[in-house]
2 protein chains.
Amino acid sequence: MRILTHPALDDITVEGLLYALSDPVRVRIYAEIVARDVPQPCCALMELTGKALPKSTLSQHFKVLREAGLIRSERKGVELHNTSRCDELKPKFGVMIEAIMTAFATQQTSKE
Amino acid sequence: MRILTHPALDDITVEGLLYALSDPVRVRIYAEIVARDVPQPCCALMELTGKALPKSTLSQHFKVLREAGLIRSERKGVELHNTSRCDELKPKFGVMIEAIMTAFATQQTSKE
DNA sequence: TTCTATAGTTCAGGAATTTAGAACTAATGG
DNA sequence: CCATTAGTTCTAAATTCCTGAACTATAGAA
């Protein structure tokens, strides 16, 4: 396994962030990582959408979130601990991420 | 040509909006539509990215923006006039669209 | 050390999407 | 009716995405 790479703040783009969050599964994953403020291993998020996702698919989704700059993944023993990079992003992107997640949360609650 | 359809506010989703704006060409198109507050025909935006885009490609991009709920397209003679639906979206999505476009504008100006 | 288990990545294919040239439709003005 | 401009639809090639199978990484136990 190669070392996990995270983009520098300068290499993170609005388009990349939006693309990462434009997938229903990925935005839910990111919302959970933000909501539970303890670092989350991938496996904790497997059944997020009701049906269990294949782990290769989940791994790809985490990779997209990571390479977009939304999360940081650090190995802790056998797991990866995933945390939001929102504090880092805020100076560059302002309230964008928060505004997106607020809108998403509203949408989710109104779906019930 | 079929009649152009626009989604009802209820059918517009956060994911759909983010997806539409996650493409570098589409976000530029939308930024121009918002910036020039006169309705824009597609043809006015053909050379947005330096190289002229094929009109079929441009048409698809407008379709994505339209079906996501970001713009409204109305026929005026031989042209389509495209306007932002941001006022309609605001009650449902709060400052999300504005926050995205602000971040995008900042990114564009810092690129020069 | 070696065996086993768990967590996650990478590979490879088929499936789905996107791009763009060509042909088509829609409206306007001679 | 013909020509022109604006934009859509069709279609095939190129690209990207999904996922099962194989692989790598770490830890704990024997």
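Here is the naming used below: chain letters follow the sequence lines, and residue numbers restart at 1 for every chain.
In this structure, B/E88 pairs ionically with B/R85, as a charged nitrogen and a carboxylate oxygen lie closer than 4.0 Å.
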*With salt bridge (Lys or Arg N to Asp or Glu O under 4.0 Å) as the test, would you mind laying out the steps for A/E32 and A/R28 before giving the verdict?*
CA-CA 6 Å; A/E32 283 299 313; A/R28 299 205 80 206; 5.6 Å; no
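Atom CG of B/N82 and atom P of D/dA6 are 14 Å apart (whole Å). Regarding A/L4, its CG atom lies at a distance of 6 Å from the P atom of C/dT9, rounded to whole Å. Rounded to an integer number of Å, the gap from CZ of A/R66 to C1' of C/dT10 is 12 Å. Atom CZ of B/F62 and atom P of D/dT9 are 15 Å apart (whole Å). Put simply, CG on B/L80 is 5 Å from P on D/dG7, counting in whole angstrom units. Atom NZ in A/K55 sits about 6 Å away from atom C1' in C/dG8, given to the nearest Å. Counting to the nearest Å, the P atom of D/dT26 and the NE2 atom of A/H81 are 14 Å from each other. Distance B/K63 NZ to D/dA6 P: 21 Å, rounded to the nearest Å.
In this structure, SG on A/C86 lies 9.5 Å from CE on A/M101, to the nearest 0.5 angstrom. To the nearest 0.5 angstrom, A/I71 atom CD1 is 4.5 Å from A/I33 atom CD1.
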Contact list (N/O, under 3.5 angstrom) for nucleotides 27-30 of chain D vs protein:
none

Enumerate the protein-to-nucleotides 12-18 of chain D contacts in which both atoms are nitrogen or oxygen and the separation is below 3.5 Å.
| from | atom 1 | to | atom 2 | distance (Å) |
| --- | --- | --- | --- | --- |
| D/dC17 | OP1 | A/Y19 | OH | 2.2 |

Output side-chain donor-acceptor pairs under 3.5 Å for residues 8-17 of chain B, partner residues at least two apart or in another chain, one line each.
| from | atom 1 | to | atom 2 | distance (Å) |
| --- | --- | --- | --- | --- |
| B/T13 | OG1 | B/G16 | N | 2.9 |
| B/E15 | OE1 | A/Q107 | NE2 | 2.8 |

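Under the side-chain hydrogen bond (donor to acceptor under 3.5 Å, both in side chains) rule, B/S73 has a single partner from B/R66, B/E79, B/K63, B/H81, which is B/R66.
For B/Q60, there are no side-chain hydrogen bond (donor to acceptor under 3.5 Å, both in side chains) partners at least two apart in sequence or on another chain. For B/S22, the side chain to side chain contact (heavy atoms under 4.5 Å, CB included) criterion is met by A/L18, A/Y19, B/Y19, not counting sequence neighbours. Partners of B/S84 under the side-chain hydrogen bond (donor to acceptor under 3.5 Å, both in side chains) rule, at least two apart in sequence or in another chain, are B/Y30.
Of the listed nucleotides (C/dA27, D/dT8, C/dA20), C/dA20 has the atom at the smallest distance from the side chain of B/P54. Closest contact between the side chain of A/S59 and the listed nucleotides C/dT9, D/dT26, D/dG7 involves C/dT9.
For C/dA20, the OP1/OP2 oxygens have no side-chain nitrogen or oxygen of B/S56 closer than 4.0 Å.
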